Amino acid sequence: MASAPMSSKKLRVLLIPFFATSHIGPFTDLAVRLTTASADAAVEATVAVTPANLPILHSLLERHNGHAAATAVKVATYPFPAVDGLPKGVENPGKAAPGDAWRIDVAALSETVMRPAQEALIRAQSPDAVITDMHFVWNAAIANELGVPCVKFSVVGAFPALAMSHLVFAGEAAGAATSSSVFVPGFPEPDIRIPRTELPEFLRRHNKVAAGGDSPAERFFSSTADGFGLVVNTFSDLEQPYSEMYLRNGHVRRAYFLGPLSLRPSPSPSPAGTDDAVAAISDDWLDSKPNRSVVYLCFGSLAPVSDAQLHELALGLEASGKAFIWVVRSDKWSPPDGWEERVGDRGKLVTDWAPQTAILGHPAMGAFVTHCGWNSVLETVAAGVPVLTWPMVFEQFITERLLTEVLRIGERLLPDGAAGVRSTRYEECAVIPAEAVARALTAFMQHGGPGDAARSRVMSLAAKARAAMAQGGSSHRDLLRLLNDLIEARGGGER
Ligand SMILES: *[C@@H]1O[C@H](CO)[C@@H](O)[C@H](O)[C@H]1NC(C)=O
């Protein structure tokens, strides 16, 4: 049936992201992609969020401004459950008080809490296919009852996702006291070793022996295999030896590598809204800076950075003498006395949303100091900008190894041992002093320095990313394969 003509009826796809903006973003991009995938495969994509996340979804769609496909994407809502200790209307970890974000994660992983509203949503929408976030493992069972395919969508890459999965099943993370670091089993060269303090919280607590082989983490990672297949926001050339393991090791039945989803199709002109957003920084300021001279710093919306660390970072940027754009998401912090005057026009402090894709795409960009969140990784790869890594939470320390040890498109901001303890726990992190920040920036960005070698590697990946997303490229082919598979599955269901 693969060559049968497309049905005249639209393929209706329902997408259900986790509540964080870093998930809603790629789900929105995927919905836009699905509606533009092919001239003859008509797709109606609906993204479902809870009410408080609706404005975020709308503004994400607006950033595809003027793109007909973005206006064609439909939006649905379903109620957010009552969660103990969480104020009403707080439905996004980025909007929660720093001590409360975990409550959203715990709720999202609970079938008892989440399933009723999502099941009602799926039944009411009655789609031809469901694309769900990894958190919501029960959606595969619901889709199965309705006789429609359920595809999981991983918004992090194969390397960090499979490293965590391998650590859970090998029990390498068991018995936190036995050694100070773990080795990721089943990965090709180079060997990846990670100090325990840098592991995500669930792996630091994970004890395979005590759990008797049936811990929540094991149930979560084995559920990847449930359902029709897996979509990953990555591209084959970025992490092929790792992404190939999904199928080879039987983690999933079908795998589709569709990224970087944030990379807009190349023939389309830059949308008007993006130009407006970047105008303030770009036109007057970035344009005036020499090529490859500006440092961009952004640590995402979820990682708490202490005031003491922000203070040292400010002084370090001042001492480095480099031009910089620094995104600080803290409404209570202000820079040291006299700092803004001393830095003057050399630096920009951004306290709101920053047009990251446009900033990274500017020729003045010299280096990206990043927390290694997966969306930022894809954006810097697509832009060809080398990185200095400063991971903070979740799987970010694992992803750092992909960047610095496998792809070698950047370096750790501070080498091993130089910074005191690095940790996924806020209270354990050593403060990195100003002098160390200044030294790292100067060394990395000096002419003929390590930044140049990293840049040539990341620029070659950028070309591969664009080729993957272009017509006939690997990500584009995988998108068409996904659509064909879903259309064929519908054919079977209607029989
Ligand atoms: C800066 O980069 C732009 C875009 O890559 C290029 O067109 C221009 O020639 C460069 N300028 C200098 C002085 O190298």
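Whatever order the structure lists them in is the order used to number ligands and atoms, beginning at 1. Remember, predicted model here, so these are calculated numbers, not experimental data.
- Partners of Tyr256 under the side-chain hydrogen bond (donor to acceptor under 3.5 Å, both in side chains) rule, at least two apart in sequence or in another chain, are Asp485.
- Judged by distance alone, the side chain of Asp307 and the main-chain N or O of Trp333 form no donor-acceptor pair under 3.5 Å.
- Protein residues with a heavy atom under 4.0 Å from ligand 1 are Asn291, Pro363.
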Assess the residue pair Thr404 and Arg412 against the criterion (side-chain hydrogen bond (donor to acceptor under 3.5 Å, both in side chains)); give the C-alpha distance rounded to whole Å, side-chain angles, the decisive distance to 0.1 Å, and a yes or no. CA-CA 7 Å; Thr404 59; Arg412 286 169 55 158; over 6 Å; no
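- For the pair Asn233 (side chain) and Leu261 (backbone), a donor-acceptor distance under 3.5 Å is present.
- The number of heavy-atom neighbours closer than 6.0 Å to CZ of Arg457, taken from other residues, nucleotides and ligands shown, is above 12.
- The shortest heavy-atom contact between Val43 and Thr35 is O-CG2, 3.8 Å.
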